[in-house]
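Here is the structure we will look at, set down as structure tokens.
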Protein chains: 2
Amino acid sequence: MSSWTYVSAIREHVGQEVTLKGWLANRRSSGKLHFLQVRDGTGTIQCVMEKKIVGDEPFDAAGALPLESSLAVSGTVREDPRSPIGFELAVTAFSVVAPAGLDYPIQKKEAGTDFLMDHRHLWLRSRRQQAILAVRAEIIRAIRDHLDSQGFTLIDAPILTPAACEGTSTLFETDYFGDKAYLTQSGQLYMEAAAMAFGRVYCFGPTFRAEKSKTRRHLTEFWMVEPEMAFVDLDGDMAIIEDLLVAVVARVLDRRREELKVVERDVSKLEAVRKPFPRMRYDEAIEVLKRAGASVEWGADFGGDEETILSRQHDSPLLVHRYPADVKAFYMKRDPQDPRLALAVDVLAPEGYGEIVGGSQREDDLAVLEASLERHKLPREAFEWYLDLRRYGTVTHSGFGIGIERTVAWICGLPHIRETIPFPRLMSRLSP
Amino acid sequence: MSSWTYVSAIREHVGQEVTLKGWLANRRSSGKLHFLQVRDGTGTIQCVMEKKIVGDEPFDAAGALPLESSLAVSGTVREDPRSPIGFELAVTAFSVVAPAGLDYPIQKKEAGTDFLMDHRHLWLRSRRQQAILAVRAEIIRAIRDHLDSQGFTLIDAPILTPAACEGTSTLFETDYFGDKAYLTQSGQLYMEAAAMAFGRVYCFGPTFRAEKSKTRRHLTEFWMVEPEMAFVDLDGDMAIIEDLLVAVVARVLDRRREELKVVERDVSKLEAVRKPFPRMRYDEAIEVLKRAGASVEWGADFGGDEETILSRQHDSPLLVHRYPADVKAFYMKRDPQDPRLALAVDVLAPEGYGEIVGGSQREDDLAVLEASLERHKLPREAFEWYLDLRRYGTVTHSGFGIGIERTVAWICGLPHIRETIPFPRLMSRLSP
């Protein structure tokens, strides 16, 4: 047998004999020819099998083989301009590794999303799901590469935590050798400690919300990257967010055009993303919403509907900043120009995708933070270590969190977040 | 004020005036001179302050400033061969951002590990902890870079799972909207599904063990990378493990020499790590152990003591393969040459560090796997989706898991695993 290679490397073997190992994704036959679509995880290639070349028995075996069977196929690589990947394989030898059962659950015909999600372990093999998850992996890599290149240090935040950042009602709880522990909603407080040690840090891990909401924007388990920077204020925070999102979009456009085509993304929308992103104060946003007919009053946080209206008005992500402090978290710094406001920023992805980033400058004054804890009725003891950061060399600092799944939904143009993660966890779904 | 830069970029500014922002890590004074050690997270630099240049008031302020206060310091960068980083700053201006309390908990004098762990949020600022966590970040990046360069796709495994891979006794449990969910111990089964779709995949995330063990090798929450490859057997698995570990060691030696010096690592031990790694069958390992006087019998799994003996005999990690199937997991494939054995491999880091990797070829035959589930008394229904992978195009496949913290302990030469993760979770520690 000739040497094993992957479809992704096929262009290096034009005119050579190679062996591919994979699965039968599709087949079309015409007399003494089979056109086998062979998928090996790195791509799909058309393998042209002629009866007179491979012989009767292998030819008939290939013709009867159920889809999703595993196989090895050898042949000569040739260029073919009609092929989506530019190459096809002229088959010289063929062997079945293991025939699939004839009852492969996911057939060509339409299946409901629940059914597909029940078979997520197989649905991953579909071209569309592969494309989405390849874009996801690229986005994650782009974020890490960008932050690493900008002097950030990865500092993993703990998942099991003793106390809640923003109340316990939406937390998953577990017994921890007799104590109560909660699954993290955010690594931010830990990142603040780390920023005082490393200057610029980020964590990147799963976070959890036990929210009883069934919207197209919510998962109970989702991945978040949370950068935190010492000596950076809200303006600096917004600049860093902007640079990161520009880098992510550019990387996906550079390396994942094929996948964006598979999911039928209008890439002109992504190509339109440019620095500087529009910036808008919350006050202005309220006016814009009112003019658009929304029944929203100053002081309220935005819901999905308001985000949709605002984010449809711009080609690039919209940075909305300086929200009413009362709708934001206890750790956000007040605006010295107007203490009703928090130095917070939300980033709304365009085309109606809504919030993908939330960030703020953090309160760095010990007394103000203590008062804020009290006002929010948070247990002081649990935050003593956090207060230490204001006791010993406190500095201006800021950070933000990017929701990976929402970012994938935006970049791939997906209406629902459930396809953006390999094994989604929803209120009504914990398996497979 | 001159423009803000980081210590890590100081070499680009020789002869120029720059501003650094950071914390006072140490101070030595001599008459009209202060030698301030300023730490900004990217490094520490000596700043030489002369009274006659900065003036009386700033000079006295700097002399009285408590350690760990935050500050900004401007000055001219000059080369200095005596400096560990090769440069120092001749101070021209100085300002205090925020003075630290005088009671900074971590003083020069020795403090017990429990005390330091209680103050982990501050302990991170120490030179040694910074070095360890910088090496950790480098190892993580090296693993990702290597796998990505080898055609692996990152596929995140779920953290909340409905069933246990290997029994529920060491699992953290949580209520999931009325159902029971468990924190994952391994993403492997999910990676097997993903490998059938993507060929080569890996997950990289936190995993959990509610084990009541207080050893220097155990955390309740630890990070693991789990690659899984279709069409790869045990030999291929071992080759991929070997290449990955070689790449990781080379990267750390290339980029983190300074940090290894800080933790006083004997780097000659790391430089001695070379392909090919020694390979040893379990049968041989038993003989080696017996000759070394260990009271171990064929059929037993190795404990920490046995691993220590074996791993001290080689300069490179030792691959021990083909363990008795009875001490290994249900999903491992039996050795066709000797069905008492599983096609498993454990990798023992040298110098007595012990197991850092566990892997195997997976059982790919439906009937054999069904029988194995039954023998291990595992609930069949929970594994139906996993069995589907053997029904539809099953192939030879293998994978492994690398424990990040154990790898960091080995590479940094640390006796205890607790310093290898930013915020360790142990049986007796859930905070800060």
Side-chain angles (χ1 to χ4, degrees), chain A residues 6 8 21 23 40-42 68-70 97-98 100-101 104 121-122 124-125 130 133-134 137 140-141 148 151 153-156 158-160 162 172-174 176-177 179 181 190 193-194 196-199 205-206 221 223 230-231 385 388 391-395 421-423 425 427 430-432, chain B residues 6 8 21 23 40-42 68-70 97-98 100-101 104 121-122 124-125 130 133-134 137 140-141 148 151 153-156 158-160 162 172-174 176-177 179 181 190 193-194 196-199 205-206 221 223 230-231 385 388 391-395 421-423 425 427 430-432:
Chain A
Y6 285 102
S8 58
K21 301 179 184 180
W23 293 265
D40 76 352
T42 72
E68 287 304 320
S69 297
S70 46
V97 174
Y104 188 67
H121 54 293
L122 302 175
L124 293 179
R125 304 179 183 189
Q130 291 208 298
L133 294 178
I140 291 172
R141 185 153 181 83
D148 292 346
T153 301
L154 171 70
I155 298 289
D156 293 305
I159 308 300
L160 292 167
F172 289 108
E173 183 184 309
T174 188
Y176 193 85
F177 306 106
D179 282 336
Y190 295 96
M196 303 305 138
F198 292 86
E221 175 184 318
W223 287 68
F231 297 106
W385 70 269
D388 272 355
R391 292 187 181 107
Y392 306 109
T394 186
V395 305
I421 187 165
F423 297 92
R425 296 296 181 246
M427 198 186 143
L430 181 62
S431 67
Chain B
Y6 283 103
S8 59
K21 300 178 184 180
W23 293 266
D40 77 349
T42 73
E68 288 303 321
S69 296
S70 46
V97 174
Y104 188 67
H121 54 293
L122 302 175
L124 293 180
R125 304 180 184 188
Q130 291 207 298
L133 295 178
I140 291 172
R141 185 153 181 84
D148 291 346
T153 300
L154 171 71
I155 298 289
D156 294 303
I159 308 299
L160 292 167
F172 289 107
E173 184 185 308
T174 189
Y176 194 84
F177 306 105
D179 280 337
Y190 295 96
M196 303 305 139
F198 293 85
E221 175 183 319
W223 286 69
F231 298 105
W385 71 268
D388 271 355
R391 294 187 180 107
Y392 306 109
T394 187
V395 305
I421 186 166
F423 296 92
R425 295 296 180 245
M427 198 188 143
L430 180 62
S431 66

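Quick note: numbers below take in every heavy atom, side chains included, and nothing from hydrogens, waters or symmetry partners. Every chain is numbered from 1 and lettered A, B, ... according to where its sequence line falls, protein lines coming before strand lines.
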Residue pair [X] / [Y], side-chain heavy-atom distance below 4.5 Å:
X: A:Pro162; Y: A:Asp179; value: no
X: B:Ile140; Y: B:Trp223; value: no
X: A:Thr42; Y: B:Phe198; value: no
X: A:Arg125; Y: A:Tyr104; value: yes
X: A:Lys21; Y: A:Asp40; value: no

**Asked** Should B:Gln130 and B:Leu124 be marked as a side-chain contact (heavy atoms from CB on, under 4.5 Å) after you check the CA-CA gap, both sets of side-chain angles, and the distance that decides it?
**Response** CA-CA 6 Å; B:Gln130 291 207 298; B:Leu124 293 180; over 6 Å; no

Would you mind checking which part of [X] comes under 4.5 Å of any heavy atom in chain B, side chain (CB onward), backbone (N, CA, C, O), both or neither?
X: A:Tyr190; value: both
X: A:Pro158; value: both
X: A:Arg391; value: backbone
X: A:Trp23; value: side chain
X: A:Ser69; value: backbone
X: A:Ile155; value: both

**Message:** Among residues at least two apart in sequence or on other chains, which ones pass salt bridge (Lys or Arg N to Asp or Glu O under 4.0 Å) with B:Asp156?
**Reply:** A:Arg136

**Request:** Only counting residues at least two apart or in another chain, list the ones meeting salt bridge (Lys or Arg N to Asp or Glu O under 4.0 Å) with B:Asp148.
**Result:** A:Arg141

Heavy-atom pair count under 4.5 Å with chain B, highest-scoring of [options]:
options: A:Ala134, A:Ser8, A:Gly101; result: A:Gly101
options: A:Tyr176, A:Tyr6, A:Phe423; result: A:Tyr176
options: A:Pro422, A:Ala137, A:Ala181, A:Gly205; result: A:Pro422
options: A:Gly151, A:Ala100, A:Gly393; result: A:Gly393

**Request:** Could you tell me which of B:Glu68, B:Met427, B:Glu173 has the largest number of non-hydrogen atom pairs under 4.5 Å with chain A?
**Result:** B:Met427

**Request:** Name the option with the most non-hydrogen atom pairs under 4.5 Å to chain A; the candidates are B:Thr174, B:Ile159, B:Thr394.
**Result:** B:Ile159

**Request:** Determine, step by step, whether B:Leu133 and A:Thr153 satisfy the side-chain contact (heavy atoms from CB on, under 4.5 Å) criterion, reporting the C-alpha distance in whole Å, the side-chain angles of both residues, the deciding distance to 0.1 Å, and the verdict.
**Result:** CA-CA 9 Å; B:Leu133 295 178; A:Thr153 301; 5.9 Å; no

**Message:** Does any backbone or side-chain atom of B:Pro432 lie under 4.5 Å from a heavy atom of chain A? Answer side chain, backbone, both or neither.
**Reply:** both

**Request:** Go through the atoms of B:Phe231 and report whether side chain, backbone, both or neither lie under 4.5 Å from a heavy atom of chain A.
**Result:** both

